[in-house]
Amino acid sequence: MGERLPKFTFLNLQSNRFSDHILFTLYALASLQILDLASNNLSGTIPKCFNNFCAMATDLSSSDLFLYGTSDLAILEYELLAMKGTMVRYSTTLRFVAYLDFSDNHLSGDIPSKLRSLLGLRTLSLSRNRLLGKIPEEIGNMVLLKSIDFSVNELSSEIPQTMSSFTFLSFLNLSLNNLSRIIPTGPQLKRFEGSSFVGNHLCEPQLDENSCTSDELPSVRNVVDDADRLEVDWFYVTIALGFVVGF
């Protein structure tokens with residue numbers, strides 16, 4: 001596929017029934033800016049060939065390499081970009097968007113550190129999979145990220161201190177993993193509420209260095225139906241917690 005469509009820019013295959021592994025041939029699409037494979041049945045590990053995505057490795061806001069007509073943009077924008085659970089329309093800014101969504105599959109293994117090569121990425125979603133290990137330290141190099149969703153996986157260890165260096169991040173969801181220790185301090189991370197971190201074993205030094213929430217948060221994980229890998233509705237999580245406390 002990659003060899004036949006070297007100039008392909010947008011690829012949306014979300015909400016189908018694709019199974020097996022992510023094809024390595026996709027990584028030959030050097031001009032790809034938007035890759036959405038969400039809500040399929042893909043399995044195996046995430047390939048580590050991200051350095052082939054030349055467009056995603058570029059700050060498109062300062063590049064004149066990608067110019068588009070406008071005849072079909074409205075349709076493409078609405079179909080392609082689901083951000084923070086909401087469909088978002090882009091018009092004249094579409095050519096500046098770099099977007100990667102592998103959420104709601106059955107992917108396993110670790111998050112490849114070679115993601116760091118995608119320096120132009122604005123949105124990264126790997127939620128609702130079976131990913132293990134640490135969040136790569138190198139994620140802090142992806143300074144243009146505005147949205148990160150790693151929720152409902154099995155990530156462990158601590159949140160990298162490098163994540164405190166983000167300046168454009170407006171959405172973060174690390175909930176329902178096995179993360180531990182202290183939430184890094186930083187102007188951006190302080191903006192996010194507890195729902196961004198719930199369901200882990202974390203402490204918040206900005207409140208109290210000894211205020212770990214591990215005693216109460218594991219029960220939140222029971223709200224998630226692992227079989228269906230459904231997205232958590234925080235309103236019902238609150239009700240569930242209240243029910244447990246009440247009885």
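In this text the structure is predicted, and so the values were computed from the model without any measurement. Note that these values count all heavy atoms, side chains included, but never hydrogens, waters or copies made by symmetry. Start at 1 with the first residue, then count along the sequence.
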Which atom pairs, donor and acceptor, lie under 3.5 Å between side-chain atoms of residues 109-120 and protein residues at least two apart or in another chain?
residue: Arg116; atom: NH1; partner: Ser113; partner atom: O; Å: 3.2
residue: Ser117; atom: OG; partner: Lys114; partner atom: O; Å: 2.9

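Of the possible donor and acceptor atoms, one in the side chain of Asn105 sits under 3.5 Å from a partner among the backbone N and O of Asn40. When atom types are taken as modelled, the side chain of Asp101 and the backbone of Ser103 share a donor-acceptor pair closer than 3.5 angstrom. Looking only at distances, a side-chain donor or acceptor of Asn153 sits under 3.5 Å from a matching main-chain atom of Arg130. Distance alone, capped at 3.5 Å, places no donor-acceptor pair between the Asp20 side chain and the Ser43 backbone.
Applying the ring pair (Phe, Tyr, Trp, His ring centres under 6.0 Å) test to pairs two or more places apart or on separate chains, those with a residue in residues 35-56 are Tyr27-Phe50, Tyr27-Phe53.
Between the side chains of Asp36 and Gln14, a donor-acceptor pair is found at a separation under 3.5 Å. No side-chain donor-acceptor contact under 3.5 Å links Asn41 and Ser19.
Under the side chain to side chain donor-acceptor pair (under 3.5 Å) criterion, Gln161 pairs with Ser164, sequence neighbours left out. In terms of the side chain to side chain donor-acceptor pair (under 3.5 Å) criterion, Glu138 has no residue partners (sequence neighbours excluded). Partners of Ala57 according to the side chain to side chain contact (heavy atoms under 4.5 Å, CB included) rule, which considers only residues two or more places apart in sequence or in another chain, do not exist here. Applying the side chain to side chain donor-acceptor pair (under 3.5 Å) test to Ser165 and every residue at least two apart in sequence or in another chain returns nothing.
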